Visitor: 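Structure incoming, see below.
Because only heavy atoms are used, hydrogens play no part in the values below, and waters and symmetry mates are left out as well, while side chains stay in. Everything quoted here is computed from the prediction, not taken from an experiment. Start at 1 and go down the list; that is how both ligands and their atoms are numbered.
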Amino acid sequence: MIKLSPSLLAADPACLGNEVRKAVNAGCDELHFDVMDAHFVPNLTFGPHILAALKKLTDCPFDVHLMLDQPLSMVDVFAKSGADVLTVHAEAEHFVEALERIRELGVKTGVSVRPGTSVEVLRDHLHLCDRVLLMTVEPGFGGQAMKPEALSKGRELRALGFQGEIEVDGGIGPANMQLAVDNGVDVLVMGTAFFGSADPVQLAQQVHAL
Ligand code: DX5
Ligand code: ZN
């Protein structure tokens with residue numbers, strides 16, 4: 001079954017707890033939690049204390065996307081705060097060591113690539129990855145248009161023999177979710193499309209029927 005991971009970046013920050021409950025009640029499979037350092041990307045979002053607070057509200061897994069220059073220094077604290085999946089960027093420093101550490105901590109590993117980064121950089125490290133997160137926009141902000149050329153990396157990953165989960169993030173919604181799945185994608189991150197939806201229950205059902 002295709003999984004839906006609503007991105008809390010598009011939720012109302014003044015009532016995050018209620019937004020988490022809304023996503024869980026709609027039937028989402030995970031909650032996507034974007035972490036930015038104002039350096040790897042030009043924006044700031046949530047820290048580990050917010051994750052720990054939201055984690056108390058639900059058993060739904062938290063899919064933590066670290067957009068950090070130095071993820072290795074932060075994986076322990078995010079694991080302790082309740083991350084169920086920890087994804088680091090292949091463009092970040094020491095990403096291989098970060099993946100090894102995440103695995104040591106007993107958390108699911110993910111690696112992400114920006115739209116302009118080839119999946120070739122992952123070839124020798126795929127054994128360390130439970131999941132690959134393909135960015136379909138430049139990371140940093142929600143509400144951007146999806147870059148369709150980034151989706152074909154799903155097929156390239158399968159051609160490299162990757163059997164783990166493939167996730168896409170950025171501009172994903174009803175208009176392009178079938179195309180993502182046709183390219184081998186298993187997990188759909190949706191920020192604007194989910195939290196802006198008039199009927200999130202129906203949207204989750206549509207994803208699960210893909
Ligand atoms: C962007 C974030 C995304 C973002 C997606 O850097 O990684 O998770 O919230 O938002 P939408 O779905 O609005 O593009
Ligand atoms: Zn993200």
Visitor: Has Gly170 got any heavy atom lying under 4.0 angstrom from an atom of ligand 1?
Guide: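 Gly170 counts as a contact of ligand 1 under the 4.0 Å cut-off.
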
Visitor: Quick one: are the ring centres of Phe33 and His65 less than 6.0 Å apart?
Guide: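 Ring centroids of Phe33 and His65 are no less than 6.0 Å from each other.
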
Visitor: Find out whether the Lys NZ or Arg CZ of Arg123 is both under 6.0 angstrom from the six-membered ring centre of Phe162 and within 45° of the ring's axis.
Guide: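 The answer is no, since Arg123 fails at least one limit relative to Phe162.
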
Visitor: Backbone or side chain, does any N or O of His65 fall under 3.5 Å from an N or O of ligand 1?
Guide: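 The answer is yes, given that His65 and ligand 1 share an N or O pair closer than 3.5 Å.
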
Visitor: Any sub-3.5 Å donor-acceptor pair from Asp37's side-chain atoms to Asp69's backbone N or O?
Guide: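 Yes, Asp37 side chain to Asp69 backbone: donor-acceptor pair under 3.5 Å.
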
Visitor: Pull out every atom of ligand 1 sitting under 4.0 Å from any heavy atom of His32, numbered as shown with elements.
Guide: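 This gives 8 (O) as the contact atoms.
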
Visitor: Applying a heavy-atom cut-off of 4.0 Å, say which part of Asp169 lies close to ligand 1: side chain, backbone, both or neither.
Guide: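 The part of Asp169 near ligand 1 is the side chain, not the backbone.
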
Visitor: So if I count the atoms of ligand 1 from 1 in the order they appear, which ones are less than 4.0 Å from some heavy atom of Gly143?
Guide: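 Counting from 1, the qualifying ligand atoms are 11 (P), 13 (O), 14 (O).
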
Visitor: Looking at Lys153 and Glu156, does any basic side-chain N land under 4.0 Å from a carboxylate oxygen?
Guide: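 No, Lys153 and Glu156 are not salt-bridged.
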
Visitor: If you count heavy atoms of other groups shown closer than 6.0 angstrom to CG of Asp199, is the number above 12?
Guide: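 Atom CG in Asp199 is crowded, with more than 12 foreign heavy atoms closer than 6.0 Å.
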
Visitor: Identify the protein heavy atom lying closest to atom 13 (O) of ligand 1, giving its residue, its atom name and the separation to 0.1 Å.
Guide: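 Checked against all protein heavy atoms, atom 13 (O) of ligand 1 sits closest to Thr192 OG1, 2.5 Å.
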
Visitor: Can you tell me the N, O or S atom of His65 that's nearest the Zn ion (ligand 2)?
Guide: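 Result: ND1.
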
Visitor: What's the separation between atom CG in Leu86 and atom NZ in Lys108, rounded to the nearest 0.5 Å?
Guide: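 Leu86 atom CG to Lys108 atom NZ measures 12.0 Å (nearest 0.5 Å).
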
Visitor: When you measure from atom 12 (O) of ligand 1 to every protein heavy atom, which one gives the shortest distance, and what is it?
Guide: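 In this structure, atom 12 (O) of ligand 1 has Gly191 N, 2.8 Å as its nearest protein heavy atom.
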
Visitor: Between Lys3 and Glu167, does at least one N-O distance fall below 4.0 Å, as a salt bridge requires?
Guide: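 Salt bridge: no.
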
Visitor: If the cut-off is 4.0 Å to any non-hydrogen atom of Met67, which atoms of ligand 1 fall inside it?
Guide: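 Near Met67, the atoms of ligand 1 are 6 (O), 7 (O).
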
Visitor: Give the atom numbers and elements of ligand 1 that come within less than 4.0 Å of a heavy atom of Gly171.
Guide: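 Result: 11 (P), 12 (O), 14 (O).
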
Visitor: Nearest 10°: the angle subtended at the Zn ion (ligand 2) by Asp169 OD2 and His32 NE2?
Guide: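 Asp169 OD2 and His32 NE2 form an angle of 100° at the Zn ion (ligand 2).
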
Visitor: For the CG atom of Asp130 and the OG1 atom of Thr87, what is their distance to the nearest 0.5 Å?
Guide: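 Reported to 0.5 Å precision, the distance equals 9.5 Å.
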
Visitor: Should you measure from each heavy atom of Ser7, which atoms of ligand 1 turn up under 4.0 Å away?
Guide: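 Answer for ligand 1: 4 (C), 8 (O), 9 (O).
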
Visitor: What is the nearest protein non-hydrogen atom to atom 10 (O) of ligand 1, stated with its residue, atom name and distance?
Guide: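 Looking only at protein heavy atoms, the one closest to atom 10 (O) of ligand 1 is Gly142 CA, 3.6 Å.
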
Visitor: Mind checking whether His32 and Phe62 have ring centres under 6.0 Å apart?
Guide: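 Judged by ring-centre distance (under 6.0 Å), His32 and Phe62 do not meet the cut-off.
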
Visitor: What protein heavy atom sits nearest atom 1 (C) of ligand 1, and how far off is it?
Guide: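 Ranked first by proximity to atom 1 (C) of ligand 1 is Phe141 O, 3.7 Å.
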
Visitor: Is a donor on one side and an acceptor on the other found under 3.5 Å between the side chain of Asn43 and the backbone of Gly140?
Guide: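 It does hold such a pair.
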
Visitor: Identify, by atom number and element, the atoms of ligand 1 in contact range of Pro139, meaning under 4.0 Å from any of its heavy atoms.
Guide: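 So the answer, numbered in order with elements, is 6 (O).
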
Visitor: Check Asp34 and report its N/O/S atom nearest to the Zn ion (ligand 2), by atom name.
Guide: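 Within Asp34, restricted to N, O or S, the Zn ion (ligand 2) is closest to atom OD1.
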
Visitor: Give the numbers and elements of all ligand 1 atoms closer than 4.0 Å to a heavy atom of Leu9.
Guide: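 Answer, ordered by atom number: 4 (C), 9 (O).
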
Visitor: Out of all atoms in ligand 1, which are within 4.0 Å of some heavy atom of Gly140? Include the element for each.
Guide: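 Those atoms are 1 (C), 6 (O).
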
Visitor: Does Arg131 pair with Asp63 as a salt bridge, N-O distance under 4.0 Å?
Guide: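 So Arg131 pairs with Asp63 through a salt bridge.
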
